[in-house]
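Letters A, B, ... mirror the listed sequences (proteins, then strands); counts begin at 1.
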Amino acid sequence: MMFISSWVRGTRLYFHMVAASIRAQMQYRYGFFMNIIGWAMSYAGTAVTMWVMLYSFQSLEGWSFWQLIFLFALAVLSWGVCVIFFFHFRSLDQYILNGTFDRFLVRPIHPFFHFMAMKFDVGAFGQLLFSIAAVTLAYIQLNLHWPIWKWGVFLSAVIGGTFIQGGILVLISAIAFWTTRSERFYWVVMFPAKSMMNYPLSLYPRALQWVVTFILPFAFVNYLPALLLLDKTHPSISPYWGAFSFAVGLVVFGICYRIWMMGLNRYKSAGS
Amino acid sequence: MRQLRLYLEFSRKAFQRSAAYRFDAWTRLFSNVIFLFMWGFIWFALYSGKGNVEGVSFESMLSYIVVSQMLQGIHGAGTPLWEIQERVRTGDIAMEMMRPYDYPTRSLFSDFGNIAFHFLTAVLPLYTILFAVFDLHMPTSSSQWVLFVLSAALGYLIRYSIELTFGLLTFWLVETGGVEDIFYFSISLFSGSVIPLWFFPDWLETLAYFLPFQGIFFVPNSIFVGQLTGQALTEALLMQGIWLVVSYVILRFVWSKAALKIVVQGG
């Protein structure tokens with residue numbers, strides 16, 4: 001019982017703090033809009049690069065331009081949601097090094113919630129703006145008519161994708177409890193991995209496909225659901241795997257959260 | 001001469017600092033390799049079942065991507081845009097102006113030191129192995145090597161001038177989001193860093209040809225794989241030279257304005 005009421009209180013506080021964070025970011029209205037437009041523009045830039053690439057080559061591994069845009073935009077959509085809640089986890093190392101992390105431990109809120117609530121990144125609305133527009137355009141251009149269950153798969157991919165990528169960000173931040181480094185790991189491991197997933201997974205060697213399906217399951221963020229949603233096939237993986245993004249997301253996030261809490265306990269004992 | 005010795009001292013210090021942060025150099029190399037890997041497989045798939053596209057073979061294209069990634073690895077050891085912006089925002093740059101040296105030159109020489117370390121300990125060994133193991137196109141004559149190195153150096157200086165100019169815009173803009181994105185987009189597409197200009201639609205190729213960015217990666221890469229020779233090569237080098245002068249003049253202009261801006265705020 002204690003556990004549940006603590007979570008309910010935490011959730012209420014979370015939204016309270018999020019509201020404060022949004023108000024703070026809205027103070028600089030020009031910056032607020034430029035930030036959103038800037039992000040949307042930079043993703044549109046990648047889409048333009050894909051267009052130029054396919055101009056002379058027509059298709060990539062049997063994926064047409066709009067199919068590729070769908071694959072890319074699906075990843076950006078869940079990443080956008082993920083950035084809102086979890087992107088600042090990557091810089092946990094800075095808080096630990098500066099000693100400012102300690103304030104998250106002395107307050108009567110769950111430290112994970114508190115750290116999560118510290119920032120609510122409205123810049124991510126740019127990702128959402130781009131990805132919603134791109135998914136819509138691709139849906140029209142590809143002449144898709146999804147039955148209800150496919151909308152369910154789509155929703156599960158977005159929510160599951162958020163949990164998978166959020167979980168991995170939490171995992172990267174947890175490394176800081178042991179090594180006092182995390183931001184670098186994001187830029188060196190997760191950013192390139194995410195970039196690779198913007199293209200069809202079947203491009204890459206088998207071993208890598210296996211890793212991003214079973215170990216760091218980025219494949220469930222966009223590739224596997226896109227196979228199912230666009231009626232495409234993979235030589236060895238069934239497209240129906242794409243229906244399980246949500247379940248995979250919950251498991252990944254659960255594990256990563258546990259590891260984060262383990263790290264936190266370790267930090268406490270070392271800090272004094 | 002004494003001036004040069006002063007600036008070389010900055011290179012030496014930067015080299016030593018890099019040596020102290022070896023971990024950074026290796027992690028940078030790691031992500032460089034991942035992107036090389038990714039683009040290698042993308043181009044492999046694009047070329048599957050095709051012979052020559054626009055008169056370019058897969059071997060040439062693969063060599064293009066490898067040398068492009070090598071140059072990007074070298075560029076990546078310099079001061080990134082966000083760091084320049086940070087120096088302006090925090091006011092560190094004002095402290096630099098009070099000192100008896102020229103900041104744009106000082107910063108360039110510091111980057112030389114960082115690059116020398118990164119190049120010798122990470123980029124050179126890795127790419128030597130890659131070129132030895134894979135059957136890639138390389139310059140076949142010493143004059144081609146010289147032209148490649150010259151072109152790559154011009155490309156570096158063009159990028160340096162443009163990047164620093166963009167960074168200095170922070171003096172006037174509170175929020176640099178949009179500016180940053182224009183810079184990164186142009187650098188990634190119009191420079192030919194991942195897609196050579198050969199494969200662009202004609203109108204876009206013409207546009208890219210008249211922008212300074214193609215001089216950063218596209219020209220040296222094309223020289224390296226032997227796609228750019230004779231008259232066209234001379235013209236391309238000349239264009240690079242012109243763009244370097246233009247971007248340097250713009251950098252100087254923006255720098256002098258920025259210096260005034262600091263004096264105004266300081267008084």
Participant: Give me the atom names and distance for the closest heavy-atom approach of B:Ile34 to A:Val188.
Facilitator: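 Looks like CD1-O, 4.0 Å.
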Participant: Checking A:Leu208 against chain B: side chain, backbone, both or neither under 4.5 Å from a heavy atom?
Facilitator: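 The side chain, not the backbone.
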Participant: Considering only heavy atoms, which portion of A:Trp51 lies under 4.5 Å from any heavy atom of chain B: side chain, backbone, both, or neither?
Facilitator: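 Side chain only.
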Participant: Quick one: does B:Phe41's side chain get under 4.5 Å of A:Met196's, heavy atoms only?
Facilitator: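 B:Phe41 vs A:Met196: side chains apart.
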Participant: If I take atom CG from residue B:Leu189 and atom CE from residue A:Met53, how far apart are they, to the nearest 0.5 angstrom?
Facilitator: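 Spacing of CG (B:Leu189) from CE (A:Met53) equals 11.5 Å.
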Participant: With a 4.5 angstrom heavy-atom cut-off, is it the side chain or the backbone of B:Thr27 that approaches chain A, or both, or neither?
Facilitator: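 The answer is both parts of B:Thr27.
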Participant: Does any heavy atom of chain B fall under 4.5 Å from the side chain of A:Leu203, the backbone, both, or neither of them?
Facilitator: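 Both parts, heavy atoms under 4.5 Å.
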Participant: With a 4.5 Å heavy-atom cut-off (strictly below), which parts of residues 54-64 of chain A touch chain B? List them by number.
Facilitator: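 Hits under 4.5 Å: A:Leu54, A:Tyr55, A:Ser56, A:Phe57, A:Ser59, A:Leu60, A:Glu61.
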Participant: Quick check: are there more than 12 heavy atoms from other residues, nucleotides or ligands sitting under 6.0 Å from CG of B:Asp135?
Facilitator: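 12 or below, so no.
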Participant: Check each atom of B:Leu204 against the heavy atoms of chain A and say whether the ones under 4.5 Å are side chain, backbone, both or neither.
Facilitator: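 For B:Leu204, the contact with chain A is made by the side chain alone.
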Participant: Take atom CH2 of A:Trp210 as the centre, draw a 6.0 Å sphere, and report whether it contains more than 12 heavy atoms from other residues, nucleotides or ligands.
Facilitator: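 12 or below, so no.
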Participant: Quick one: salt bridge (charged side-chain N to carboxylate O under 4.0 Å, His left out) pairs with a partner in residues 46-61 of chain B, sequence neighbours left out?
Facilitator: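 Residue pairs with at least one partner in residues 46-61 of chain B: there are none.
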Participant: Considering heavy atoms only, which positions within residues 80-93 of chain A lie below 4.5 Å of chain B?
Facilitator: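 Not one residue of residues 80-93 of chain A has a heavy atom under 4.5 Å from chain B.
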Participant: At a 4.5 Å cut-off on heavy atoms, which part of B:Phe37 comes close to chain A: side chain, backbone, both, or neither?
Facilitator: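 Side chain only.
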Participant: Please classify the contact between B:Phe200 and chain A as side chain, backbone, both or neither, with a heavy-atom cut-off of under 4.5 Å.
Facilitator: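 Both the backbone and the side chain of B:Phe200 come within 4.5 Å of chain A.
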Participant: Side chains of B:Met38 and A:Tyr199, heavy atoms from C-beta outward: is any pair under 4.5 Å?
Facilitator: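 Yes. Closest side-chain heavy atoms under 4.5 Å.
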Participant: Need one label for B:Leu46: side chain, backbone, both or neither, based on atoms under 4.5 Å from any heavy atom in chain A.
Facilitator: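 Both parts, heavy atoms under 4.5 Å.
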Participant: Got a sec, which residues hit salt bridge (charged side-chain N to carboxylate O under 4.0 Å, His left out) with B:Asp202, two or more places apart in sequence or on another chain?
Facilitator: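 Per chain and number, B:Asp202 pairs via salt bridge (charged side-chain N to carboxylate O under 4.0 Å, His left out) with no residue.
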Participant: Show the numbers, then the answer: is there a side-chain contact (heavy atoms from CB on, under 4.5 Å) between B:Phe35 and A:Ser195?
Facilitator: CA-CA 8 Å; B:Phe35 279 109; A:Ser195 306; 3.6 Å; yes
